[in-house]
Amino acid sequence: MLLQNKQTGDLIKVLDTDALINPAQSSVPGRIQEGQEEQDPEQIAKESLVFPSGESLPQCWLDADYRTDS
């Protein structure tokens, strides 16, 4: 799945979608899609990611207690 870093605009290939949708994990393994060669995987904070359209990630992917927040 491709997401975008909201600070830099770089596309990020998420390597573990289970980690992405798990609200207990604050980061996901991914590769920055930059240049001709595949980049090394790194942990990327989910808070810094958005969909390529600019839409934020669903709150249920980021916060396990999203239903109790007012």
Side-chain angles (χ1 to χ4, degrees):
M1 169 180 259
L2 288 176
L3 295 176
Q4 187 174 23
N5 182 308
K6 60 184 165 184
Q7 284 86 19
T8 64
D10 292 336
L11 285 177
I12 308 292
K13 181 178 182 181
V14 175
L15 302 175
D16 185 355
T17 53
D18 288 336
L20 179 63
I21 64 172
N22 183 349
Q25 293 188 301
S26 61
S27 64
V28 294
R31 293 181 194 265
I32 298 172
Q33 300 297 296
E34 164 179 77
Q36 296 290 326
E37 295 184 22
E38 183 124 298
Q39 305 298 313
D40 292 332
E42 58 184 82
Q43 288 293 329
I44 301 164
K46 291 197 301 188
E47 291 135 8
S48 69
L49 298 173
V50 294
F51 289 105
S53 65
E55 183 180 352
S56 298
L57 297 180
Q59 192 63 28
C60 62
W61 291 5
L62 303 171
D63 181 8
D65 295 321
Y66 76 99
R67 289 186 181 189
T68 60
D69 290 346
S70 319

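All heavy atoms count here, side chains included; hydrogens, waters and symmetry mates do not.
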Gap between atom [atom2] of [Y] and atom [atom1] of [X] - 0.5 Å precision:
X: Glu47; Y: Asp63; atom1: CD; atom2: CG; value: 10.0 Å
X: Ser53; Y: Gln4; atom1: OG; atom2: CD; value: 8.5 Å
X: Asp16; Y: Asn22; atom1: CG; atom2: CG; value: 9.0 Å
X: Trp61; Y: Gln25; atom1: CH2; atom2: CD; value: 13.5 Å

Check whether any side-chain heavy atom of [X] lies under 4.5 Å from a side-chain heavy atom of [Y], and answer yes or no.
X: Leu49; Y: Ile44; value: yes
X: Val50; Y: Asn5; value: no
X: Leu11; Y: Glu34; value: no
X: Pro29; Y: Gln43; value: yes

Does the [X] side chain pair with the main chain of [Y], one donor and one acceptor, at a distance under 3.5 Å?
X: Lys13; Y: Pro41; result: no
X: Lys46; Y: Leu57; result: no
X: Glu37; Y: Gly35; result: no

Taking all non-hydrogen atoms of both residues, which atom of [X] and which atom of [Y] are closest, and how far apart?
X: Pro58; Y: Phe51; value: CD-CE1, 4.0 Å
X: Pro23; Y: Cys60; value: CB-O, 3.4 Å
X: Leu20; Y: Met1; value: CD2-SD, 3.4 Å

Can Val28 be reached from Leu62 by stepping across I, L, V, M, F, W or Y side chains whose heavy atoms are under 4.5 Å apart?
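Yes: a chain of side-chain contacts under 4.5 Å links Leu62 to Val28.
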
Verify same cluster id: Ile21, Leu3 (apolar side-chain graph, 4.5 Å):
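In one cluster: yes.
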
Apply the side chain to side chain contact (heavy atoms under 4.5 Å, CB included) test between Gln33 and each candidate in Ile12, Leu2, Asp10; give the one that qualifies.
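So, applying the side chain to side chain contact (heavy atoms under 4.5 Å, CB included) to Gln33 and each of Ile12, Leu2, Asp10, only Leu2 qualifies.
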
